[in-house]
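Some notes on the structure that comes next.
In listed order, ligands and their atoms are each counted from 1.
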Amino acid sequence: MHSLNSKGPILAFFCNWAPYRCYMDLCKSGHSFPYPIYPVKVMCTGRIDPAMVLFAFERGAEGVLIMGCKDKECRYGPGPGQAKKMAGSVHGLIHILGLEPERFSTLQYSFDEQNRLFEEMESFAKKIYKLKKSPLGV
Ligand code: FES
């Protein structure tokens with residue numbers, strides 16, 4: 001297994017509401033993430049386009065996470081459904097880039113799930129850094 005710090009970053013799209021609040025709560029309480037993570041805040045995961053995810057991989061992300069609100073907690077209604085459709089498109093395309101499907105994941109949170117978010121991000125990072133370096137890495 002490679003060191004968690006020896007590879008490129010994980011890019012995490014956080015919905016501004018529940019997931020980003022959990023992430024910020026963790027940061028404020030002193031949690032540190034033992035891997036490079038680039039957080040990108042969006043107002044709703046329904047606004048993420050497959051091209052944004054593929055672009056992140058093309059620019060050297062080792063993995064991409066989509067962190068959204070739970071289905072019934074989205075402020076805009078259809079966001080999680082849109083995000084699931086987007087994720088289906090991405091999963092259908094990333095093999096074309098020569099990437100393993102486990103490099104991309106979508107997760108959903110409520111406002112009070114800081115610990116689960118931390119554990120699942122760490123689990124994702126460990127899985128990613130067991131893989132070879134992304135062939136698109138810089
Ligand atoms: Fe968070 Fe839509 S508002 S996923």
The atoms of ligand 1 lying under 4.0 Å from a heavy atom of Y76, numbered in the order shown, are 3 (S)
Salt bridge check, E119 against R116: does any charged N sit closer than 4.0 Å to a carboxylate O?
no
Can you tell if the side chain of L93 reaches within under 4.5 Å of the side chain of F104, non-hydrogen atoms only?
no
Run the numbers for me: atoms of ligand 1, each under 4.0 Å from some heavy atom of R75, listed by number.
3 (S)
Between T45 and Q82, is any side-chain donor less than 3.5 angstrom from a side-chain acceptor?
no
Is there a side-chain contact between L65 and F13, using heavy atoms and a 4.5 Å cut-off?
no
If you take all heavy atoms of R47 and M52, which pair is closest and at what distance?
O-SD, 4.0 Å
State whether C74 contributes an N/O/S atom found under 2.8 Å from atom 1 (Fe) of ligand 1.
no
For ligand 1, which atoms have a heavy atom of C15 less than 4.0 angstrom away?
1 (Fe), 3 (S), 4 (S)
Provide the number and element of each atom of ligand 1 under 4.0 Å from a heavy atom of T45.
4 (S)
Sub-4.0 Å atoms of ligand 1 with respect to non-hydrogen atoms of W17
3 (S)
Show the atoms of ligand 1 that are less than 4.0 angstrom away from any heavy atom in C69.
1 (Fe), 3 (S), 4 (S)
Scan side-chain atoms only and decide if Q114 and Y23 contain a donor-acceptor pair under the 3.5 Å cut-off.
no
